[in-house]
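Before any comments, here is the structure.
We name chains A, B, ... by the order of the sequence lines, and we start the count at 1 in each one.
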Number of protein chains: 2
Amino acid sequence: MAWKFNDGAPIYLQIVNTLKRNIASGAYPPGSRLPSVRDLALEAGVNPNTMQRALSELERSGLVNSQRTAGRFITEDASALLDLRKSMSEEIVSEFIARLRGIGMSDEQILDTVRDKINSEHKEET
Amino acid sequence: MAWKFNDGAPIYLQIVNTLKRNIASGAYPPGSRLPSVRDLALEAGVNPNTMQRALSELERSGLVNSQRTAGRFITEDASALLDLRKSMSEEIVSEFIARLRGIGMSDEQILDTVRDKINSEHKEET
DNA sequence: CTTATTGTACTAGGTGATTAATACAATAAG
DNA sequence: CTTATTGTATTAATCACCTAGTACAATAAG
């Protein structure tokens, strides 16, 4: 089934984020082989060129490396993966706090909001 | 000085968000008059048409109303502003939690991360 | 060796976003 | 009344993104 592309941002950038997320979460383990460009494109429901472009971006960041005819592989570099995870959460948290402050919320309110949200979801155990 | 446009999302959508943020935070008080389309475009560093498009979007959501030649005004509807603030924070928090969960973080880790981030910033009082 | 698969490159076309340059009616301000 | 300002509409041109289709060299698999 095709992946979901929400905002108006370029699809290839959204794909990059999705792939990064899958790498950071371990869904694509270190050293594992990625599906081929064509298969990934089919899976995502986009043109192979678009997927190729997204993968080229990942290449530049060193998270994956391509071996001409054997396929693409996730880096074995454990520290790179730790860095990825850390930098991603850093960015996500910073952006989150900045956004809520931007609409006039205090730090206490921000923390409370997160706590409430998590707790309210845990209550929904029917 | 021109506004900052980060991601690859369409500028007019980013402008809509910026304006919503300014309304939600009270930077643009209820009933107050917005700068003209041309002035806002100049301030944001975009073409007047782009600003016009963003403002038309805001119009549809009922947050502002235009009076032909007198200018544009923020709605006086206090409840609409409360709703805006609430829905914006709802969306921001939901997206935030989903993102961190997406890279494999537990709810406890998420809460800790926010707490740490806020506390670490408070330490920086030279 | 033969063949299928892989990453990669290239051209072309369509679409939407953005800019540019005007133009106009309504009206607040003088 | 006259004038400047306002929101709004229109047309055209440019650019990035996306899709489509094709092609090629390298190599793993048979």
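- Comment: D112(A) engages R115(A) in a salt bridge, judged by a side-chain N to carboxylate O separation of less than 4.0 angstrom.
- The separation between R72(B) atom CZ and dT27(C) atom P is 16 Å, rounded to whole Å.
- A sub-4.0 Å separation between OP1 or OP2 of dT19(C) and a side-chain N or O of T50(B) is present.
- A donor-acceptor contact under 3.5 Å is formed by the side chain of N49(A) with the base of dG21(D).
- Rounded to whole angstrom, the span from the CZ atom of R68(B) across to the C1' atom of dT8(D) amounts to 6 Å.
- Side chain of V46(A), nearest nucleotide from dT8(C), dC17(D), dT19(D): dT19(D).
- Residue Y12(A) has no polar side-chain atom (N or O) positioned under 4.0 Å from OP1 or OP2 of dC18(D).
- At a threshold of 4.0 angstrom between heavy atoms, the contacts of Q52(A) include nucleobase atoms, whether or not backbone atoms are also involved.
- Applying the 4.0 Å criterion to OP1 and OP2 of dT8(D), one finds that S66(B) has a side-chain N or O inside that range.
- A salt bridge links E121(A) with R101(B); the closest basic N to acidic carboxylate O contact falls under 4.0 Å.
- L58(A) has its CG atom 12 Å from the P atom of dT8(C), to the nearest Å.
- Residue R53(B) places none of its side-chain N or O atoms closer than 4.0 Å to OP1 or OP2 of dT8(D).
- Residue contacts for R38(A): at a heavy-atom cut-off of 4.0 Å it reaches a base atom on one of the strands shown.
- Rounded to an integer number of Å, the gap from CG of N47(B) to P of dT11(D) is 17 Å.
- If you take CG of L55(B) and C1' of dA9(D), they are 15 Å apart, rounded to a whole angstrom.
- Computed from coordinates, the E57(B) CD to dT18(C) P distance equals 12 Å when rounded to whole Å.
- We find the CG-CG distance between L63(B) and D77(B) to be 9.5 Å, quoted to the nearest 0.5 Å.
- Along DNA chain D, the nucleotide nearest D39(B) and the nucleotide nearest A70(A) are compared for position; the residue whose nucleotide lies closer to the 5' end is D39(B).
- Along DNA chain D, the nucleotide nearest to G71(B) and the one nearest to L13(A) differ in position, and the one closer to the 5' end is contacted by G71(B).
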